[in-house]
Amino acid sequence: MAQTKFDVLVIGGGPGGYVAALRAAQLKLRTALVEREHLGGICLNWGCIPTKSLLHTADTLRRIRHAGDLGLGVAEPSIDFLHVMARSRDVAKRLNRGILQLLRKAGVTVFDGHASFSPDRSVRVRSANGSSQTLQAHHTLVATGAQARALPALPFDGDRVWRYREALAASALPKSLLVIGAGAIGMEFASFYATLGTQVTVVEAQTRVLPTGDADVSAFVAKAFERDGIRLYTGARLDTAQVGTDGVQVTLSTATGHETLQAERVLVAVGLAGNTDGLGLEHTRVVLERGLIVADGSGRTADPTVHAIGDVTGAPMLAHRASHQGLACVERIAGHAVSPEAPLIPSCVYSHPQSASVGLTEDEARALGRPLRVGRFPLEASGKAIAIGEASGFVKTVFDADTGALLGAHIVGPDAPELIHGFTLAGTLEATEAELMETVFPHPTLSEALHESVLAAFGRPLHI
Amino acid sequence: MRREMLVPKLGLTMAEGTLVEWMVKPGDTFRADQSLFVIESEKAATEIPAEADGTLLEITAELGATLAVGSVIGYWDDGAAGLAEASPSPSPSPVAAAAVTVSVTPAPVAPPGPGERLLATPLARRLAQARGIELRSVTGSGPRGRIRACDLPETAVPAAVLVAASGALRAPTATEQTIARRLVAAKQEIPHFYMSVEAEVSALQQLRAELNAVQADVRFTLNHFIVAAVGRALAQMPEVNRIWTADGILSLPTTDVGMAVHTERGLMVPVLRDLGRQPLAQLAREAASAASRAQAGRLGAAEMAGGAITVSNAGMHDVTYMSSIINPGQAMILGVGSVRGVFRPDEHGQPVLRREIGLVLSADHRVLDGVTALQFLKRIVSALERPLGLLVV
């Protein structure tokens, strides 16, 4: 008979849950993981990873189109759209299998099925074939993630009204696409489909695209999108929506009046809602607020034996944040000291142009009421960026003028997500401007722009 | 290549050791296996041999310091060219493996003791300096106990005090922070002992009144006489005029006396110089000037340095005895109470009215023993009870 008693039971096999399970097993805790659909969660199967596959296709296409600038004569390539989509699915499948191997190697017992708490606080797992079994654990981690939030006027139908899943598995390139929501998900799909040739329109209720990011980055990205032929409506309210057999028609209210838009498909990317239904959480003492479990940085909830990590605990809904929180949670359960301080969590957008940020935006930093020093370095002045033909973007840094603490950093331009870790590391180690200025950055690299931005914040840039 | 010299782990259970002797000096060269220093653990004193030929560059730990296993006590040069001290030595000898290559497992939460390497982020170091916080008093929450900005109290006052107080909270001023830090250090580090006596001051009060009546150049206060009496007693007992320092017991060349002045910014202690040989009128003028400059916040740091003793007079506040905390860097403080009219029995058992002040001497027991301190106190009392002597230099 299979083992049914564990030290740690993880519900959900996404980047928060499976990483927590691996660490728990490393710590010699008897660990089980329950997953109802795909190991790796949304991130690996329907989010971060497959979208990066698509966006890499788009980047390559864009480079081929600009090959003439580099002295290479290349005809406009043909696009095998089904192949593009199939490759994205293959990438996800390959990684999904890898996770099962990692869990097995670590000694984590994996259960397929839907888990829920019973009144006696044991956990019942019902598998797809109808069988069920009861598991006991000293500690249970709820890592069930989140799903796309629907708009009442535009319920998902899997055909005309997409969520990210349909956008990742389309059978044909739509002629036109309306993207509702200009957060990271909406902007990435807008960028992908527009590059492949779809006429894309993005509608955002707030006053700027990427509304949680730095305003300078939003403005730069908006301009670049419009230059690429993407129409943007910000500060726009969706009034009505009509789904027909050949497309979708919506009406918007904007500051300047009313607009009627038509598109073959519409992607709704207006945020995510926590997966808390059907878990039997009413049999625990966890507290829910607006459909999310209230938990601290190490997943502590109001119930001492039930912990929650990742998207189901609210923003920022990012895979790396879920993993970090999962690790902290398991370390705490194992009796190890965990940092009371919230970690610096970078966030990245892989559209064209790419952007990445960590810490506070300039506006958020201003709201602290402290004197600031803000540095900007344009990539137009970067030797490497010019050499690779991508001299567009900037690096912005925000410092506390009194203490030299790095409050925030924002990069927009080529490989921004690969560059932001420099500032994340500096911020985590609490480097001040002095250590950043002393650091030697290799030449020629895009990373030199990080250094120059810090120098600029303190009035001593060298190359502008 | 510059390399660290570490406290070795000499047994399975050894967590710390005491550095009791250096057998080489900075600049000395040594051969492999030559004994370099002696570490005393719970069990034995052990001579620690060199792992290789080299030169001692620097000693960073104090003799007598108790150090965690793996603490750096100095640096040496192995004569090889190299990139950095952090890179592992290419082939440590067996001796090196025992003596130097040890696992560092400091407690993750306890602040490091004196001599131990202090882990703190650059921002934490900068903020601690700005806020006047001693980093060694802070518990770090980062990896390996690294102190981060979030671990620092907003001010130098220990956080527990702020949390315990209910009611309105305000940030202490910079001066208050400095005073708090120094007082905590003094009370924790100096082994105080206290002696209380009374001095009969009828004659002194009479003399003071007459002096103030016959001239208008200087206005004498009772405190001027007390400070003068302390200066004279120091001149008579130079063995008392000394302080405890990290390097040893320091005898002071001049009879300097600190004078506590209460100001809006907190207590200030200007130090009056060479009082053993100073005419009373000059002393009174200098004391008045120092007090007014202290009130105005215009005392220089040099004016508040030095001396083995401070006089803290609370006579105006209706107090009989005041046991004070020794100012850091000094060895004594004399707390002075109010003048009290009391009846004391004379030699026939009859009540006699006396006017007395209570004097409490707080003294550093590392520097003074009880008998010496009492003799010193008696000389002060004697000078106050026969005050005409104070008029003669």
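Basis for what follows: all heavy atoms, side chains included, without hydrogens, waters or symmetry-related copies. Letters A, B, ... are given to chains in the order of the sequence lines, protein chains preceding strands, and every chain is numbered from 1.
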- Message: Treating A:Glu430 as the side-chain partner and B:Ala149 as the backbone partner, does any N or O pair qualify as donor plus acceptor under 3.5 Å?
- Response: yes
- Do B:Leu123 and A:Thr432 come close enough that some side-chain heavy atom pair is under 4.5 Å? yes
- Message: Looking at A:His336, I want to see if its NE2 is surrounded by more than 12 non-hydrogen atoms of other residues, nucleotides or ligands under 6.0 Å.
- Response: yes
- Within 6.0 Å of NE2 in A:His324, more than 12 heavy atoms from elsewhere: no
- Message: Show, in sequence, the C-alpha distance, side-chain angles and deciding distance for A:Glu435 and B:Arg126, and conclude whether the salt bridge (Lys or Arg N to Asp or Glu O under 4.0 Å) test is met.
- Response: CA-CA 12 Å; A:Glu435 289 75 33; B:Arg126 188 180 275 183; 5.6 Å; no
- Heavy atoms only: give me the nearest A:Leu429-B:Thr121 pair and the separation to one decimal. O-CB, 3.3 Å
- Among B:Cys150, B:Ala124, B:Pro143, the residue with the most heavy-atom pairs under 4.5 Å to chain A is B:Cys150
- Identify the two heavy atoms, one from B:Pro122 and one from A:Ala431, that lie closest to each other, and give their separation to 0.1 Å. CG-CA, 4.2 Å
- Message: Heavy-atom cut-off 4.5 Å, strictly under: side chain, backbone, both or neither for B:Arg148 against chain A?
- Response: both
